[in-house]
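Read through the structure below, which is laid out as structure tokens, and then see the notes.
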Number of protein chains: 4
Amino acid sequence: MRTRDLILEEALKLFSEKGIKETTIRDIAKAVGITEGAIYRHFESKDQIVYELFDTYSSQLYEKMERAIKRGKDTEEKFRNMVMSFLDFAFKNPDAFRYLNLFHYLRGKEVKKFKHIPFLLLKDFILNMDREGLLRIEPEYALAMVTGTLERVFLYKNMGILKGRQDEVKKKTAELLWKSLTKC
Amino acid sequence: MRTRDLILEEALKLFSEKGIKETTIRDIAKAVGITEGAIYRHFESKDQIVYELFDTYSSQLYEKMERAIKRGKDTEEKFRNMVMSFLDFAFKNPDAFRYLNLFHYLRGKEVKKFKHIPFLLLKDFILNMDREGLLRIEPEYALAMVTGTLERVFLYKNMGILKGRQDEVKKKTAELLWKSLTKC
Amino acid sequence: MRTRDLILEEALKLFSEKGIKETTIRDIAKAVGITEGAIYRHFESKDQIVYELFDTYSSQLYEKMERAIKRGKDTEEKFRNMVMSFLDFAFKNPDAFRYLNLFHYLRGKEVKKFKHIPFLLLKDFILNMDREGLLRIEPEYALAMVTGTLERVFLYKNMGILKGRQDEVKKKTAELLWKSLTKC
Amino acid sequence: MRTRDLILEEALKLFSEKGIKETTIRDIAKAVGITEGAIYRHFESKDQIVYELFDTYSSQLYEKMERAIKRGKDTEEKFRNMVMSFLDFAFKNPDAFRYLNLFHYLRGKEVKKFKHIPFLLLKDFILNMDREGLLRIEPEYALAMVTGTLERVFLYKNMGILKGRQDEVKKKTAELLWKSLTKC
DNA sequence: CATGAATGAGGTTTCATTCAT
DNA sequence: TATGAATGAAACCTCATTCAT
């Protein structure tokens with residue numbers, strides 16, 4: 001069953017580099033070192049690969065964030081842990097993270113088939129912060145700021161615009177977001 | 001020469017809705033009410049349409065931001081004007097804005113063929129703020145926060161997550177970003 | 001729109017000779033003298049060709065039989081006319097007739113999408129003969145005998161087993177069936 | 001050697017239900033509960049399965065009819081026995097019978113490889129009836145009527161159009177055909 | 001300027017068959 | 001004998017682009 005994983009691995013790489021439509025089954029097969037037909041012994045269709053990759057990694061990120069939140073003593077620590085685990089996942093799985101981001105601009109309704117959407121976890125957390133009276137801005141703006149900043153921090157780190165060690169970046173981003181969101 | 005503009009108009013709509021690869025020349029022709037062949041009277045290729053749309057709207061946004069900056073008396077007003085003009089463009093041309101965003105995750109090098117990249121204007125502005133000693137965070141982080149937040153504010157407004165009048169949203173976002181970036 | 005008809009014509013020929021699954025789009029394209037892609041300007045799919053051919057020719061046969069029945073003065077003449085028009089169609093459109101027969105053994109429920117099924121006309125006619133007290137055998141057996149004999153007469157005529165002029169064959173078959181069905 | 005028979009059994013079922021081309025080696029393997037490769041331990045190719053099934057069942061039907069004929073005292077009883085044994089086979093082996101019928105409209109020359117073709121037996125019998133002066137119609141028409149009616153009686157019985165016990169149907173059909181063929 | 005049929009390359013998928021285990 | 005992954009050819013279909021009209 002090694003081949004199946006190889007297919008997923010190479011598909012993820014290619015999808016995140018070139019886009020889903022731009023990646024052909026032949027591209028994937030070539031990357032794995034098999035023929036096109038062989039892929040269909042492991043997956044029913046290209047769509048299934050697309051789906052499975054999304055499901056796997058969004059669940060993975062979701063659970064990582066969930067665990068990170070639980071590890072925190074108070075809301076601030078929970079928030080920082082969550083942000084840092086988010087970036088940790090992105091830095092360790094850049095392809096997967098880029099891949100997950102492909103779905104922001106493409107779908108919407110179809111995403112509801114999936115078990116765990118990290119975005120929803122983040123949203124709940126921030127709504128909770130609001131209920132606790134911690135936010136100095138409306139929660140929707142806070143959400144936009146957190147998700148947007150996190151995505152860009154990853155992007156700019158990967159593009160070389162943002163320098164420094166990963167640990168440092170994670171810490172600084174958590175710090176910066178917490179301060180921006182909460183009453184000074 | 002009206003047809004040419006109609007083609008661009010419909011192509012923009014379709015590209016931003018379904019994606020570039022997912023939109024066929026036939027789709028565009030049908031939307032305009034002409035046939036496939038006719039498109040090639042006006043454009044050499046599909047790529048040319050893609051290119052021209054990007055060029056047009058990135059220039060438009062760039063110049064709008066440029067003018068907004070000039071209208072400000074001091075750095076704070078310049079910043080607020082820039083942010084607000086950015087969102088103004090996005091709200092008034094949602095298709096164009098979504099379209100421009102398609103290029104963040106797909107290309108990179110190829111973007112260098114274009115005259116005016118709004119991102120570069122923003123970047124320069126923030127570097128300048130840093131030089132003036134206004135930032136309380138490193139400029140790369142500031143850049144990530146501004147670009148990310150702006151994109152998400154637009155996205156969430158369009159998805160209905162973020163409510164309120166456009167004017168209000170623009171003002172609030174400018175306010176929030178300025179406060180987050182600068183020393184309290 | 002000539003090409004569209006040519007495609008139908010050649011598809012009919014090939015389907016009736018080799019079978020539907022055994023005939024490829026490429027076979028049809030080659031027979032017409034165009035490329036495979038061109039077929040899809042005229043038809044959405046292979047299935048649509050299959051469907052349209054069935055619809056066209058089953059309607060045609062149905063209506064031909066309907067007119068033939070109307071031309072008869074009494075039941076006997078109506079019956080003979082119907083049988084003869086059935087064979088007339090088969091002899092003049094052997095491919096179409098063979099093609100229609102392909103569906104006896106393949107489908108069943110799906111056939112209900114079609115407007116005019118010759119079989120149903122025949123069935124009604126024979127049930128009517130029964131109500132008039134003309135049959136010496138149960139109507140279901142009469143139906144089996146008529147449909148079965150007609151199909152085989154066509155088949156054997158085409159295979160050369162059954163000799164003689166078409167007109168003769170039509171008349172003899174009508175005679176033979178009428179006598180077999182009715183009280184001597 | 002049980003597996004070999006199971007393969008034939010399931011292949012027959014699938015072929016007669018869905019058609020030969022429409023049935024894959026994988027379908028057969030799954031139905032038997034083995035894998036694709038295993039089939040090739042027992043058969044050289046799919047074609048061999050197709051061939052062997054035809055050979056087996058056409059011989060079986062042929063011999064059954066032969067024995068039935070021998071059991072009759074005079075021509076009428078021989079004829080009735082033959083017809084009834086034919087239907088008996090069809091009712092007891094509907095898949096096999098449907099399968100044999102697939103070959104009427106598909107092949108022609110290739111059928112000559114086979115030892116025993118029931119059709120030829122029937123043909124000889126009827127030519128003999130003609131020589132004995134028993135037929136009131138030309139033998140080719142008689143042949144068409146017999147083969148056609150038999151096939152349809154089976155078909156309509158299976159489809160539920162023709163009701164009644166199998167024994168009854170067999171007897172009635174034999175009666176009806178004998179009367180239709182011979183001088184009253 | 002416009003039509004729309006046609007091309008040709010390439011995409012996804014299917015499937016009989018082979019082969020290492 | 002059996003497995004099941006892999007092959008390779010071929011099937012259906014798509015689509016940017018060309019071209020005669």
Side-chain angles (χ1 to χ4, degrees), chain A residues 1-4 6-7 20-29 32-50, chain B residues 1-4 7 20-30 32-50, chain C residues 1-4 6-7 20-29 32-50, chain D residues 1-4 7 20-30 32-50:
Chain A
M1 202 59 52
R2 191 71 231 285
T3 302
R4 195 174 199 283
L6 279 177
I7 292 169
I20 294 171
K21 255 256 161 158
E22 288 77 6
T23 300
T24 70
I25 289 287
R26 169 170 279 147
D27 289 337
I28 301 171
V32 175
I34 55 179
T35 56
E36 296 158 84
I39 295 208
Y40 289 88
R41 177 156 290 278
H42 302 280
F43 297 93
E44 278 182 1
S45 65
K46 185 180 172 182
D47 266 1
Q48 202 202 318
I49 301 179
V50 169
Chain B
M1 201 57 55
R2 190 69 233 284
T3 301
R4 196 174 197 284
I7 292 169
I20 294 170
K21 257 250 164 167
E22 288 79 3
T23 300
T24 69
I25 289 287
R26 200 174 204 173
D27 289 336
I28 301 171
K30 201 179 293 172
V32 174
I34 55 177
T35 55
E36 300 152 271
I39 294 205
Y40 288 85
R41 289 276 143 206
H42 302 280
F43 298 93
E44 277 181 1
S45 66
K46 186 180 173 182
D47 268 358
Q48 202 202 315
I49 301 179
V50 169
Chain C
M1 202 57 52
R2 191 70 231 286
T3 302
R4 196 174 197 282
L6 279 177
I7 292 169
I20 294 170
K21 256 258 161 157
E22 289 78 6
T23 300
T24 71
I25 289 287
R26 169 171 277 148
D27 288 338
I28 300 171
V32 175
I34 55 178
T35 56
E36 294 160 82
I39 296 212
Y40 290 89
R41 177 157 289 278
H42 302 281
F43 297 93
E44 279 182 0
S45 64
K46 185 181 172 183
D47 266 1
Q48 202 203 317
I49 302 180
V50 169
Chain D
M1 199 59 54
R2 190 69 233 285
T3 301
R4 196 174 197 283
I7 292 170
I20 294 170
K21 257 252 163 163
E22 288 79 3
T23 300
T24 69
I25 288 288
R26 200 173 204 175
D27 289 336
I28 300 171
K30 202 179 293 173
V32 174
I34 55 177
T35 54
E36 300 151 271
I39 294 206
Y40 288 86
R41 288 280 140 205
H42 301 281
F43 297 93
E44 277 181 1
S45 67
K46 186 181 173 183
D47 268 358
Q48 202 202 317
I49 302 179
V50 169

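This one's a predicted model, so the numbers in the text were calculated from it and none came from an experiment. Below, chains carry the letters A, B, ... as their sequence lines are ordered, and counting in each starts from 1.
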Between I34(B) and I34(C), the residue closer to the 5' end of DNA chain E by nearest nucleotide is I34(B)

Please report the shortest heavy-atom distance between E44(C) and Q48(C), naming the atom on each side.
N-OE1, 2.7 Å

Would you indicate, yes or no, if dG4(F) has its OP1 or OP2 atom less than 4.0 angstrom from a side-chain nitrogen or oxygen of H42(A)?
no

Inter-residue atom distance I34(C).CD1 - H42(C).NE2, 0.5 Å rounding:
6.0 Å

Looking only at heavy atoms, which two atoms of V32(D) and I7(D) are closest? And how far apart?
CG2-CA, 3.7 Å

Side-chain N or O of T3(D) less than 4.0 angstrom from OP1 or OP2 on dA2(F)?
yes

Once rounded to the nearest 0.5 Å, what's the spacing between atom NZ of K30(B) and atom OG1 of T35(B)?
12.0 Å

What is the base-pairing partner of dT21(E), counting Watson-Crick and G-U wobble geometry with both distances under 3.5 Å?
dA2(F)

Does R4(C) have more than 12 heavy atoms from other residues, nucleotides or ligands lying within 6.0 Å of its CZ?
yes

Protein-to-nucleotide contact annotation, 5' to 3' order, nucleotides 15-21 of chain F [B base; S sugar-phosphate only; - none; under 4.0 Å, heavy atom]:
SSBB---

Could you check how far CD of Q48(A) sits from C1' of dT12(E), rounded to whole Å?
14 Å

Euclidean distance, atom CD1 of residue I28(A) to atom P of dG11(E) [Å, nearest integer]:
12 Å

Round to a whole Å and report the spacing from CZ of F43(B) to P of dC1(E).
12 Å

With side chain to side chain contact (heavy atoms under 4.5 Å, CB included) as the test, pick out the partner of K46(B) among I28(B), I39(B), I25(B).
I25(B)

Suppose we define a pair by two distances each less than 3.5 Å, Watson-Crick or G-U wobble; what does dC12(F) pair with here?
dG11(E)

